[in-house]
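Step one of this worksheet: look at the structure below.
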Amino acid sequence: YKLTTSKETILNQLIEKEVLFQEAKKSGVTLSESEVKSSINSALEKQGISEEDYVQMLAQQNITKEELFAEYQKRLTIEEYLKGTLLKTN
């Protein structure tokens with residue numbers, strides 16, 4: 001039962017994330033390629049990860065730079081959307 005619940009939870013989270021991303025796109029929230037790359041580079045710097053380590057980590061996780069970029073872009077777009085709508089205080 002617990003395993004089923006975990007799978008269900010993960011599936012729900014993925015669905016929620018995709019719905020938020022679609023809403024963000026509909027509302028016109030976009031991030032430039034340079035903004036996403038800057039955010040990735042900032043995260044790597046904060047964690048002290050070199051380019052070589054970064055490439056190695058991606059290979060270990062079987063993820064390409066393009067896949068990571070797309071995931072970051074989606075996450076950052078959702079964050080911007082939430083900042084501009086749901087988290088706005090009047």
Side-chain angles (χ1 to χ4, degrees):
Y1 173 77
K2 189 173 185 178
L3 184 61
T4 304
T5 302
S6 295
K7 286 181 181 180
E8 185 177 314
T9 300
I10 291 169
L11 181 59
N12 285 335
Q13 289 173 345
L14 289 171
I15 292 168
E16 288 172 9
K17 183 178 178 181
E18 188 59 33
V19 168
L20 282 171
F21 181 63
Q22 294 302 323
E23 286 298 316
K25 285 184 3 181
K26 270 193 233 177
S27 69
V29 176
T30 59
L31 292 161
S32 70
E33 184 175 326
S34 64
E35 288 174 303
V36 177
K37 285 183 178 180
S38 176
S39 181
I40 291 170
N41 290 336
S42 177
L44 293 173
E45 279 182 34
K46 283 181 185 176
Q47 295 180 22
I49 299 172
S50 69
E51 179 69 20
E52 184 179 311
D53 290 340
Y54 169 60
V55 170
Q56 189 176 30
M57 285 172 40
L58 290 175
Q60 288 172 349
Q61 295 179 19
N62 200 25
I63 299 172
T64 66
K65 282 186 177 183
E66 293 78 15
E67 289 169 327
L68 180 69
F69 179 89
E71 185 59 34
Y72 242 80
Q73 186 173 37
K74 184 178 277 191
R75 185 173 62 86
L76 293 172
T77 300
I78 291 169
E79 285 178 13
E80 285 301 310
Y81 172 69
L82 292 175
K83 278 187 221 174
T85 58
L86 302 178
L87 301 179
K88 189 184 292 185
T89 57
N90 293 333

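Here, residue 1 is the first one in the sequence, and each next residue gets the next number.
Under 4.0 Å is where a charged nitrogen must lie from a carboxylate oxygen, and between Glu51 and Lys65 at least one such pair does. Salt bridge absent: Lys83 and Glu79 never bring a charged side-chain N and a carboxylate O closer than 4.0 Å.
Considering all non-hydrogen atoms of both residues, Val36 and Tyr72 come closest at CG1-CB, 4.0 Å. Here the closest heavy-atom approach between residue Ser27 and residue Ala24 is recorded as OG-O, 3.0 Å. Across Ile40 and Phe69, no two heavy atoms sit closer than the pair CD1-CA, 4.1 Å. For the pair Glu67 and Asn62, the tightest heavy-atom approach, listed with the atom from each and the gap, is OE1-O, 4.0 Å.
Between Gln60 atom CD and Asp53 atom CG the span is 9.0 Å, to the nearest 0.5 Å. Here OG1 of Thr77 is found 11.0 Å from CG of Leu82. Values are rounded to the nearest 0.5 Å. To the nearest 0.5 Å, atoms OH (Tyr81) and NZ (Lys26) are separated by 9.0 Å. Rounding to the nearest 0.5 angstrom, the gap separating the CG atom in Leu68 from the CE atom in Met57 is 8.5 Å. The CG atom of Leu58 lies 9.5 Å from the CD atom of Glu66; values are rounded to the nearest 0.5 Å. Interatomic distance, OG1 of Thr30 versus NZ of Lys25, reported as 11.0 Å (0.5 Å rounding).
Linking Ile, Leu, Val, Met, Phe, Trp and Tyr residues whenever their side-chain heavy atoms come within less than 4.5 Å places Val29 and Phe21 in a single cluster.
A distance-only check finds no donor-acceptor pair linking the side chain of Gln22 to the backbone of Val19 [under 3.5 Å]. The backbone N or O of Ser38 sits nowhere less than 3.5 Å from a side-chain atom of Ser42 that would complete a donor-acceptor pair.
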For Lys74 and Glu18: C-alpha separation, side-chain torsions, deciding distance, then whether side chain to side chain contact (heavy atoms under 4.5 Å, CB included) applies. CA-CA 9 Å; Lys74 184 178 277 191; Glu18 188 59 33; 2.6 Å; yes
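A donor-acceptor contact closer than 3.5 angstrom is absent between the side chains of Gln56 and Glu52.
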